[in-house]
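Just below is one structure, and these are the notes that go with it.
A quick note: this is a predicted structure, and the numbers were derived from the prediction, not measured. First the proteins, then the strands, lettered A, B, ... as listed; each starts at 1.
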Amino acid sequence: MIIAERKRFEEIRSMLAGYKKILVVGCGTCVTICWAGGEKEVGILASQLRLASNKVGDELTILEATVERQCEREMVEEVKDKVQQVEAIVSMACGVGVQTMADMFEGKPVFPALNTTFMGMPEGEGVWTEKCGGCGDCMLYWTGGICPVVRCAKGLLNGPCGGTRRGGKCEIDPEKDCAWVLIYRRLEKQGRLDLMRKYYEPKNYRAVKRPGKVQAMQA
Amino acid sequence: MARRFRETLTTKDFIVTAECGPVKGTNTGKMVEHIELLEDKVDGLNVTDNQSAVMRYPSLGTCLLVKEHGGEPILQITCRDRNRLAIQADLLFAYSRGIDNVLCLTGDSVDVGDHKEAKPVFDLDSVQLIHLVQSLNSGKDMVGNELDGGVDYCIGASATPSADPIEPQLIKLQKKIDAGVDFIQTQAVYDMDDLKRFMEYIHRMDGKVKILAGIVPVVGAKMAAYMNENVPGIFVPQYIIDELSQAPKGTGVSKGIEIAARMIRQIKEEKICDGVHIMFIGREERVPDILEAAGILS
């Protein structure tokens, strides 16, 4: 899923300076699961905005809504009426959701309340880690199901760098594992180390032509 | 005129290279002094490429200075700051100006340097970089287009004998050797048993590639402890730390030089590997003292 983090309140507030009627829209999918932009977080941000405006004596009208998936036009349609009542929209979705809203309501500014960080999974209570970079050329079949493109800090394809720390930790963060040590251990366990011994050519950065577009294959 | 490094590799019994760290700025005077001091005492001057991800005078420009002052430059190229087009263009330029040795490195992460917010490139890794140089050596660019005037680089790579675990590093090293390298320069080694064990692996992989052991003098017990804690791939054994801490105050540098010279002497006498690469960044002017103490300079 897509992982995101909420921006600092001061940054959100400064984006909204001058707007009196605001709609805060959450998303019920990925960012709900990673505690960044679901119904609960919409409520929290809306309350923070109200409190801050009361303090300085500003008259703010804040509406709230959460759609199931902010990246789908049909679902975003549901907030059309509320959008009509406001001057600006705060999207608490990932960057895709923000842009869906911005495209659909072109006449109104849409402000992102989150920073979209990566595609990943929950690792523990309130912790998510990056797993996929959407490179368009999946190589997980020869890396023991561990992606070196995003899990190696340098995205190396032929093994670890010389910076690996004792015990197989990453050069840039002793708390993080060296992806290539993980790959080595997994392939060794599976008796498939020959896969790691092969030479891999430089990555094809044309696998996804920016801006990316995918047409479903005919079965 | 300095002897070509490739020739030195095949003819000399014990090879010595030294690292040359570019200045942060344009005052190249001190670098030139170091180059002039060292060029006839070592077989090659190896110039770092934005070392530790700290922005500096370029490796390429410094190699030209080495060349102009009669030395034999070894151009370090990392994958961190340039994509495959820029790397190839730099290699064509360097060769056209008489630089024909290249050390292919991954490069330290931008996170450890002084431009932490920079976009790390890593379009290639070090193994792919060696293949790229081989392709240029064969008269073609890396995608197979003919070059109008080729190159003939002597190619080096790096290795980390004290890595833990060592196995993934050895798999990568084998790929570097298979890609075709003339020499391998190791990360700093202090424990001769680590180096001997590493050489056993090398002998099993390939007998021809020349191995230069990395020598970084440690000039104090605190520096040794810091390196063990913070410099990946480096392990200073306790007996060296003890020796340094017993040295009288103010004699750390000479003690460090003495220990480095002792290691070099042992490597040479026991023929553990083919030579050494001395990295004494910031104290390049003391490299001749190490060589003298090691019995290499007469």
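Interface remark: B:D178 contributes no atoms to any contact with chain A (heavy atom separation under 4.5 Å). With a 4.5 Å cut-off on non-hydrogen atoms, B:S109 touches chain A through its backbone and its side chain both. The part of A:K198 that comes within reach of chain B is its backbone (N, CA, C, O), which places non-hydrogen atoms under 4.5 angstrom from that chain. Looking at B:S126, there are no atoms closer than 4.5 Å to chain A (heavy atoms on both sides), in backbone or side chain. Only the backbone of A:E201 comes within contact range of chain B, judged by heavy atoms closer than 4.5 Å.
Ranked by non-hydrogen atom pairs under 4.5 Å with chain A, the options B:L105, B:V112, B:T160, B:V127 are led by B:V127. Listed options A:G159, A:P160, A:A153 were ranked by heavy-atom pairs under 4.5 angstrom with chain B; first place goes to A:P160. Here B:R84 is the residue among B:Q174, B:R84, B:R80, B:Q187 with the most heavy-atom pairs under 4.5 Å with chain A.
Counting heavy-atom neighbours within 6.0 Å of B:Y226 OH, excluding the residue itself, gives a total of 12 or less. Enclosure of atom CD in B:Q134 by more than 12 non-hydrogen atoms of other residues, nucleotides or ligands within 6.0 angstrom is indicated. Atom CD of A:E5 has 12 or fewer neighbouring heavy atoms from other residues, nucleotides or ligands inside a 6.0 Å radius. Other residues, nucleotides and ligands place more than 12 heavy atoms under 6.0 Å from the CD atom of A:E10. Within 6.0 Å of NZ in A:K40 there are 12 or fewer heavy atoms belonging to other residues, nucleotides or ligands.
Contact between A:R165 and B:E229 at its shortest, heavy atoms only, is NH1-O, 4.1 Å. Considering every non-hydrogen atom in both B:P168 and A:W180, the closest pair reads CB-O, 4.4 Å. Residues A:G167 and B:P165 approach most closely at C-CD, 4.4 Å, considering heavy atoms. Closest non-hydrogen pair, A:M196 versus B:I171, comes out as O-CG2, 3.5 Å. When all heavy atoms are compared, the tightest approach of A:C161 to B:T106 is CB-CG2, 4.2 Å.
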Q: Check step by step if side chain to side chain contact (heavy atoms under 4.5 Å, CB included) holds for A:R166 and B:S162.
A: CA-CA 9 Å; A:R166 295 212 145 228; B:S162 304; 4.2 Å; yes
**Q.** side chain to side chain contact (heavy atoms under 4.5 Å, CB included) between B:D123 and A:K203, intermediate numbers included
**A.** CA-CA 8 Å; B:D123 184 23; A:K203 194 156 180 60; 6.0 Å; no
Q: Assess whether side chain to side chain donor-acceptor pair (under 3.5 Å) is satisfied between B:K175 and A:N158, documenting all intermediate values.
A: CA-CA 8 Å; B:K175 293 193 205 187; A:N158 281 290; 3.0 Å; yes
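Put simply, the side chain of B:D125 gets close to the backbone of A:L157: a donor and an acceptor are under 3.5 Å apart. At least one donor-acceptor pair under 3.5 Å links the side chain of B:Q128 to the backbone N or O of A:Y200.
Put simply, CG on B:D164 and NZ on A:K169 are 11.5 Å apart, with the number rounded to the nearest 0.5 Å. Considering CD of B:Q169 and OG1 of A:T164, their distance stands at 4.5 Å, rounded to 0.5 Å. Rounded to the nearest 0.5 Å, atoms CZ (B:F122) and SG (A:C152) are 8.0 Å apart.
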